[in-house]
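Written out below as structure tokens is the structure these notes cover.
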Amino acid sequence: MEKLRILEEGAIFFRPDSMTREDMEWLARDYDLVLFKDDGEYSEDLHAIVTDERYREKLTAAQLIGTILNPDTEDCSAGDEIEMDFTQSDAVNEYEYMEYEKLGRELEGENRNQAYLCYENAFYFCTDEERKKVYREKMAEISKTDDFYLRPCSIIILSYNQKYMTQKCLESIWKRCFPESYEIVLVDNGSTDGSAAWLEKCSYPMKLFLSEKNLGFAGGCNKGISMAEKNNDIFCLNNDTRLSHNSLFWLRMALYADRRIGMTGAVSNYGRPEQRIECSFAMPEDYVEFGGKINLSDNGNYNRFEEKSFLSGFAMLMKRKALEETGYFDEEFNPGYFEDDDLCTRFRKNGYRLMLVHNSFIYHAGSQSFNEKQETEELIRRNYEKYMKKWGIDKEKVGITEAELEFLDKMKRENDRDADIKVLEIGSGVGDFLSRIAYEFPNAAIFGTEDDEAAVKNALRGQSIVNISKEEVWKLFRKAYFDYLIYR
């Protein structure tokens with residue numbers, strides 16, 4: 001069909017070494033009518049590259065051209081059978097378990113839930129059977145204490161076509177997570193690409209629901225949550241993601257740092273600016289490897305997280321108790337967009353804190369320009385209006401802007417991490433940027449002002465934000481000296 005279309009309608013040849021940005025944008029919208037050889041003939045082998053989901057997961061048009069010109073990359077075939085060895089962990093080296101044993105001992109007197117997680121990770125990475133027995137005993141001992149309330153998690157995954165991405169997502173879980181710490185609940189939203197058939201014959205354990213229709217993101221997640229073990233925490237994970245080394249471990253460590261932390265989220269290569277790490281690699285596995293180098297403790301600083309007003313739904317870990325108290329996803333936002341913002345708002349209204357975990361990186365393929373449609377933009381607009389009508393919190397008052405992130409880079413170049421700087425942001429919204437500054441500079445004195453009452457009422461618990469107009473700011477702070485004065 002594709003071949004006939006090209007032969008009948010003709011195709012355009014682009015010389016790769018002279019392609020413009022406009023050419024790349026056009027190419028990203030329609031690969032079918034592009035020739036990759038200047039001979040006027042259809043090149044089936046080259047089109048096989050750009051139509052393979054593996055290469056279209058995250059590669060830009062320019063990167064795809066590079067792949068075509070340099071085809072000696074790893075095999076792009078995606079077989080249906082995945083063979084995993086559950087007896088092998090993805091330990092970085094044979095001594096990695098010792099790091100978690102040490103951290104577990106340090107935490108036993110401070111936070112037994114986190115200590116348990118450390119011994120569990122040590123057990124997972126250790127190959128010495130005698131040491132593993134010691135870790136088992138430690139875990140059993142901690143689990144009987146009064147202040148222990150740690151739970152395994154149920155990983156809720158929705159699939160809608162994209163069979164290969166779903167396979168790679170599942171494979172990343174099986175490869176990199178301690179089997180006893182989780183279960184998988186997969187809801188297929190009426191796929192038509194063979195996903196359902198593959199999932200039905202998959203030999204690895206999961207709870208599976210095959211829907212005859214698309215339940216939407218909220219509806220599908222809610223179905224998965226209802227199927228999960230009753231007391232398990234809930235980890236909603238997009239099927240176009242891949243876990244890196246220790247991704248889930250650090251999300252759980254942050255979730256159990258405090259009883260009032262109700263939700264944790266990962267950093268990624270794609271998504272909201274404040275959750276995104278700027279990085280660019282040719283292949284998804286390069287991102288996964290990059291994440292493994294981030295997902296570590298930082299010179300003994302294992303609580304590498306910051307409070308947020310919102311976390312993206314692509315990878316969202318929630319305490320089950322907090323979710324049950326708050327309620328599940330609002331299906332009024334189906335088929336998608338802003339249901340995660342709405343849930344985050346309700347969590348915070350219930351007194352729970354949301355934490356972004358900087359040492360939990362998860363690869364996220366995300367949306368691609370050639371898949372964007374006008375109806376998607378309309379859906380985003382419509383659901384934003386629903387969110388605003390429900391909560392009255394303007395999107396300009398939440399999150400972190402690109403300009404703020406650029407200014408933060410300037411602050412980091414000018415100061416050491418332990419600098420005792422004084423910062424005032426005028427028009428700070430709910431305080432997301434102030435929270436990021438507090439994360440980057442733990443000794444900083446940070447203040448914010450905001451004239452929007454709704455924003456102040458929804459301010460992050462850890463930030464000092466005064467509800468006054470910009471005109472009144474100088475009357476209140478006229479005697480104070482600030483190293484940085486920021487206008488949002």
Side-chain angles (χ1 to χ4, degrees), residues 86-155 172-173 175-183 231-233 235 243-267 291-306 315 317-320 353 355-362:
F86 283 122
T87 65
Q88 297 295 318
S89 72
D90 69 329
V92 172
N93 58 61
E94 61 179 311
Y95 303 110
E96 185 178 5
Y97 73 93
M98 297 175 67
E99 176 183 347
Y100 304 103
E101 177 188 344
K102 178 176 180 293
L103 185 55
R105 289 199 304 267
E106 293 172 358
L107 286 167
E108 276 194 65
E110 301 176 17
N111 186 319
R112 288 189 176 89
N113 297 284
Q114 288 183 320
Y116 184 100
L117 285 170
C118 290
Y119 286 126
E120 183 180 78
N121 223 31
F123 179 91
Y124 181 45
F125 291 138
C126 183
T127 58
D128 184 324
E129 293 302 323
E130 291 303 313
R131 295 303 304 166
K132 290 171 79 78
K133 289 179 183 178
V134 173
Y135 300 144
R136 278 289 191 196
E137 291 169 0
K138 282 286 188 183
M139 292 157 63
E141 178 185 329
I142 292 173
S143 67
K144 296 175 183 177
T145 58
D146 293 338
D147 54 354
F148 178 80
Y149 63 103
L150 177 73
R151 295 291 179 269
C153 71
S154 296
I155 305 176
S172 76
I173 297 169
K175 272 185 177 181
R176 302 183 177 100
C177 299
F178 179 46
E180 296 175 29
S181 68
Y182 71 90
E183 68 168 358
N231 294 318
N232 277 12
D233 293 330
F235 183 27
L243 299 190
S244 295
H245 180 71
N246 276 333
S247 294
L248 182 56
F249 169 73
W250 289 113
L251 286 178
R252 297 178 77 202
M253 284 287 284
L255 191 68
Y256 283 89
D258 186 277
R259 284 186 178 271
R260 298 313 299 175
I261 296 176
M263 184 188 300
T264 58
V267 294
K293 297 174 182 176
I294 290 176
N295 299 350
L296 305 167
S297 61
D298 181 13
N299 295 323
N301 176 20
Y302 54 88
N303 285 336
R304 292 176 56 196
F305 48 82
E306 67 171 295
L317 177 62
M318 299 168 275
K319 281 197 180 95
R320 187 57 174 261
R353 304 178 76 186
M355 296 295 175
L356 176 63
V357 187
H358 287 267
N359 55 343
S360 176
F361 178 94
I362 294 177

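Every heavy atom of this structure was used, including side-chain atoms; hydrogens, water molecules and symmetry mates were not.
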Problem set entry | Results of salt bridge (Lys or Arg N to Asp or Glu O under 4.0 Å) for R259 - residues two or more places apart only | none
Exercise. Counting N and O atoms only, with roles assigned by atom type, does the side chain of D233 sit under 3.5 Å from a partner on the main chain of R320, one being a donor and the other an acceptor?
Worked result: yes
For this session: Give a yes or no on whether the backbone of L248 and the side-chain of R176 come within a donor-acceptor separation of less than 3.5 Å.
Result: no
For this session: List for me each residue that meets ring-ring contact (aromatic ring centres under 6.0 Å, His included) alongside Y97, sequence neighbours excluded, and say none if there are none.
Result: none
Exercise. Looking only at atom types and distance, does a side-chain atom of K319 sit under 3.5 Å from a main-chain N or O of G262, one as donor and one as acceptor?
Worked result: no
For this session: Not counting sequence neighbours, which residues clear salt bridge (Lys or Arg N to Asp or Glu O under 4.0 Å) with E306? List them please.
Result: R436
For this session: Before giving the answer on side chain to side chain donor-acceptor pair (under 3.5 Å), spell out for N359 and N246 the whole-Å C-alpha distance, their side-chain angles and the decisive distance to 0.1 Å.
Result: CA-CA 9 Å; N359 55 343; N246 276 333; over 6 Å; no
For this session: With the side chain counted from C-beta on, respond yes when S360 and S247 share a heavy-atom pair under 4.5 Å apart, and no when they do not.
Result: yes
Exercise. Going from OH on Y116 to CD on E108, what distance comes out if it is rounded to the nearest 0.5 angstrom?
Worked result: 13.0 Å
For this session: Would you sort out whether Y95 and E99 count as a side chain to side chain donor-acceptor pair (under 3.5 Å), showing the intermediate values?
Result: CA-CA 8 Å; Y95 303 110; E99 176 183 347; over 6 Å; no
For this session: Please name all residues satisfying ring-ring contact (aromatic ring centres under 6.0 Å, His included) with F235, sequence neighbours left out, ordered by chain then number.
Result: none
Exercise. What residues form a side-chain hydrogen bond (donor to acceptor under 3.5 Å, both in side chains) with K102, not counting sequence neighbours?
Worked result: E106
Exercise. Relative to each other, are the rings of F178 and Y124 parallel, tilted or perpendicular (30° and 60° limits)?
Worked result: tilted
For this session: Identify, with sequence neighbours excluded, every residue that meets salt bridge (Lys or Arg N to Asp or Glu O under 4.0 Å) alongside D147.
Result: R112
Seminar exercise, completed: Y135 meets the ring-ring contact (aromatic ring centres under 6.0 Å, His included) criterion, sequence neighbours left out, with none
For this session: Not counting sequence neighbours, which residues clear salt bridge (Lys or Arg N to Asp or Glu O under 4.0 Å) with E141? List them please.
Result: none
Problem set entry | All side-chain hydrogen bond (donor to acceptor under 3.5 Å, both in side chains) counterparts of S172, not counting sequence neighbours | none
Seminar exercise, completed: With sequence neighbours left out, the residues meeting side-chain hydrogen bond (donor to acceptor under 3.5 Å, both in side chains) with R136 are E180
For this session: Using ring-ring contact (aromatic ring centres under 6.0 Å, His included) as the criterion, list what pairs up with F305, not counting sequence neighbours.
Result: none
For this session: Applying side-chain hydrogen bond (donor to acceptor under 3.5 Å, both in side chains), name anything that partners N232, two or more places apart in sequence or on another chain.
Result: S154
